[in-house]
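Worksheet for the structure shown next.
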2 protein chains.
Amino acid sequence: MTTGIRHDEMRKRNRALVIAAVRRAGQPSRTEIARLTGLSHSTISAIASDLIEEGIMREIGQGETAPARRGRPQVALGLDPKAATVACLHLSFNSLSAVLVDYCGRVIDTRTHRLSTLTLGRQALVDAAVSAVREIACGHEDFLRIAFAVQGITDAAGRQMLWSPITPHSDIGFGPELEAAFGVPVTVQNDCNMIAAALRWRNPERYRDNFVAILLSQGIGMGLMLNGQLFTGTHSSAGEFGHMIHKPDGALCRCGRRGCIEAYAGNYAIWRKAHGKSAMEKPIADIKAGEMDALAALARREDGLTRQAFSEAAEAIGFGIGNLFALIDPAPVAIVGQGTAAFDILEPEIRAALAQTAGGQHAEAVSFETWPHEVPFIQHGSAMTALTSLDWEVFGPGLRHGAGGRRPESGRVVA
Amino acid sequence: MTTGIRHDEMRKRNRALVIAAVRRAGQPSRTEIARLTGLSHSTISAIASDLIEEGIMREIGQGETAPARRGRPQVALGLDPKAATVACLHLSFNSLSAVLVDYCGRVIDTRTHRLSTLTLGRQALVDAAVSAVREIACGHEDFLRIAFAVQGITDAAGRQMLWSPITPHSDIGFGPELEAAFGVPVTVQNDCNMIAAALRWRNPERYRDNFVAILLSQGIGMGLMLNGQLFTGTHSSAGEFGHMIHKPDGALCRCGRRGCIEAYAGNYAIWRKAHGKSAMEKPIADIKAGEMDALAALARREDGLTRQAFSEAAEAIGFGIGNLFALIDPAPVAIVGQGTAAFDILEPEIRAALAQTAGGQHAEAVSFETWPHEVPFIQHGSAMTALTSLDWEVFGPGLRHGAGGRRPESGRVVA
DNA sequence: GCCCATTTTTTCGAGCCTCGAAAAAAAGAA
DNA sequence: TTCTTTTTTTCGAGGCTCGAAAAAATGGGC
């Protein structure tokens, strides 16, 4: 707790809570919302009528699942799709995609641009982002947020991209640049964190307060949910799982250091080993998915260098997860991305390595779930992150109860 | 946010906030509290008079620092030491200490018992704890909490000790046993977490939302503060920093696994290496502090096996911190315990190893602080943890606004 | 077809709580 | 002794949530 609760703040929070309940439940009735939030029917009634009047929520009619029970039928409520739109950008190797989403979370439009991220200049990358937003948000004057997801390290404040394997340039301020161009708040976030956010929305039973999302692809990424919130460190987006040191002074990594997990488990590392190259050979830039599939097939078929390559990859991942679990405790793991195509080969050895670590005490109990395609998760996570920030920061506080807080400097109390 | 805010809850939280402000500020005036909490003077006046009437707070007079300014002098407020007492137990190798603390956090009484933790039975350990509490809390019928700190792994709920190097028995339910004996809530927590809690109280400027406390001693422990709260995993107390794998299939660790950080950096590991024993030799139980000091002196004096032993220890710690930082981002580090006596030898090599890791990108900027004696921190952290739980759970809610909430099953809304 | 039972939603007054303004209290300064 | 300054209390206003009761909307039974 930081600061006292005033009267108007109670309303703001309860409003936001109602919005959040509707977003999560889909099309709940007022009674349902009362149950979900623990607030009284009268309060829900009052807040709902405010929200409807303000164009944030609307009545949907009888809802889909009309159980035809006795009594007055429930009126389903839903968020008003016209309340706002948000734009989600996703920058990855040679690709920039943009999605426009309405306030309900439905996709309005989507575009994908090819571009040569490795060779483009710093300003050209920013310009590409700006014109992608301009193109997709054109004609939608109600768009209120931009969520920018990028493969790489971002700062904790969500302002800029600090480093990325897809470009030689570092410290690119996508946040300020896009804000200057469009005048709406922008968050810059690591793509794996967005995957974690999406998992929580899609399957809150399994992915609730503590879980891990690992992206296996060219490189290795991670998103970490701790205590129910996305973990972002003090400076950067953290979660550089792929660059934990697996073997001191080991194989050469794309990042220039030696012995990183990625230097054993990234596509390029598996490819390098399978082709009998030295572990100190400079990683090659891009390997086609088909080529990796062929390697996996070969490893399944016969023993040899290729199988050994996958084996080393699995060992690195297993020890990495074990070390992670030693720190933060076993938790559900989602493995996402092209690398999951070979997960049948990897899993037994990942578990074997895991079992040798402190975090693997209950290795057999650790549960993996795999998803081959990361892009839908990244888009979904970005959209939901942007929309919930609207819920809490814009539509919860509302106009009447507006940000009119004078609330003088008010220090902090930490307990 | 989980559930809506009702009217009485606003009061409860603001009451708790006032108590927290007083606990942190020491002897603030009402005006000071208003500034700290952001609440109005009238509210503070009302809440303060309630709390005073209930015997939770009291007026202290002019306070210590009377600046003799013009105007009506401030009246200093303080927590009433007679409001409650808490008992703090600390179980470590061959030692059980008990401290009784008043509601202000001042030590009333302290006792230390010698006992042979390695040979005592499960029930004997529980009995020792019970009689330690009985002895120290005797005559204080106002004691309301027991905080039990133990070297080892505890469960996330704070109910029991899952595993500890100080006893062969595992899963000892100190929580339920002590609760049954005394009828007051008990929390069982890892000693390093208590160190972290204490650091936050002692130096909130440096140790605020994200930091790491590492205990260097016989073994290696860690307490982790993330996003302003002590991190406790899903099952155990987590933070098994000492058992992250430094080198796969490396030196034999006390825990039975191989290659753990502790197997290089624990006292026994340094001793083993310095004496030319094999890295697979079974760790010996207890090494005197004097003996470690002698080894450190030898390492300072001349090159050789001993210096190499400290060097390997530093490397393990450095890579461990680096891997930790790769995951959770660089943060201030406090190193506590007997092992800090040799920190002058360790630090350069820790930094050198750190610099080779992803987390060490700004290795020179990582800041270490050392404290030789862990026990005062553990006691302080335990006491403050128990006292703040009283603040929020007992004295904040109060009697009038009591737990009389019916609040039906109320589901959860997660945003 | 009409009336009753049932469930949802709204209305209304009561009770709290916080707030701002003003008053009261308690000192030093002139 | 009076004025100034600062802290603390008092008091009425305004807002919010709550519970109870009323209103609304529908199915079931006769």
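Naming convention: chains lettered A, B, ... in sequence-line order (proteins, then strands); numbering from 1 in each chain. Keep in mind it's a predicted model, so treat the numbers as computed, not measured.
- For the side-chain contact (heavy atoms from CB on, under 4.5 Å) with A:V101, the qualifying choice from A:D109, A:V86, A:I108 is A:V86, the only one to do so.
- Look at CG on A:L77: it is 12 Å from C1' on C:dT8, rounded to the nearest Å.
- Comparing atom distances between the B:V75 side chain and each of D:dT8, D:dT17, C:dT11 picks out D:dT8 as nearest.
- Distance CG (B:N14) to P (C:dC16): 17 Å, rounded to an integer number of Å.
- At least one side-chain nitrogen or oxygen of B:T43 sits closer than 4.0 Å to the OP1 or OP2 atom of C:dC19.
- Rounded to whole angstrom, the span from the CZ atom of B:R30 across to the P atom of C:dC19 amounts to 17 Å.
- The closest side-chain heavy-atom distance from A:V184 to A:R145 is not below 4.5 Å.
- Using a 4.0 Å heavy-atom distance criterion, B:T31 is classed as a sugar-phosphate-only contact.
- To the nearest angstrom, C1' of D:dT9 lies 14 Å from CG of B:D50.
- B:T37 OG1 to B:I19 CD1: the interatomic distance, rounded to the nearest 0.5 Å, is 12.5 Å.
- Side-chain contact between A:L51 and A:F395 is absent, with no heavy atoms from C-beta onward closer than 4.5 Å.
- Per the geometry, CD belonging to A:E59 stands 13 Å off C1' belonging to D:dA25, to the nearest Å.
- Taking only distance into account, the side chain of A:R70 never meets the base of C:dT6 through a donor-acceptor pair shorter than 3.5 Å.
- Considering only residues two or more places apart in sequence or on other chains, A:A180 meets the side-chain contact (heavy atoms from CB on, under 4.5 Å) condition with none of them.
- Comparing A:P73 and B:R72, the nucleotide of DNA chain C nearest to each residue sits closer to the 5' end for A:P73.
- Rounding to whole angstrom units, NE2 of residue A:H41 and C1' of D:dC16 are separated by 18 Å.
- Distance from the side chain of B:S40 is smallest for C:dT18 among the nucleotides D:dT10, C:dT18, D:dT17.
- Of the two residues contacting DNA chain C, namely A:S49 and A:G71, the nearest-nucleotide position lying further toward the 5' end is that of A:G71.
- Taking the side chain of A:Q74 as heavy atoms from C-beta on, and the options D:dT7, D:dG19, C:dT9, the nearest nucleotide is C:dT9.
- Atom-to-atom, CE of B:M10 to C1' of C:dC16 comes out at 8 Å; the value is rounded to the nearest Å.
- The nearest heavy atom of DNA chain D to B:I44 and to A:A46 marks one nucleotide each, and the one closer to the 5' end goes with B:I44.
- Remark: P of C:dC17 and CZ of A:R11 are 18 Å apart, rounded to the nearest angstrom.
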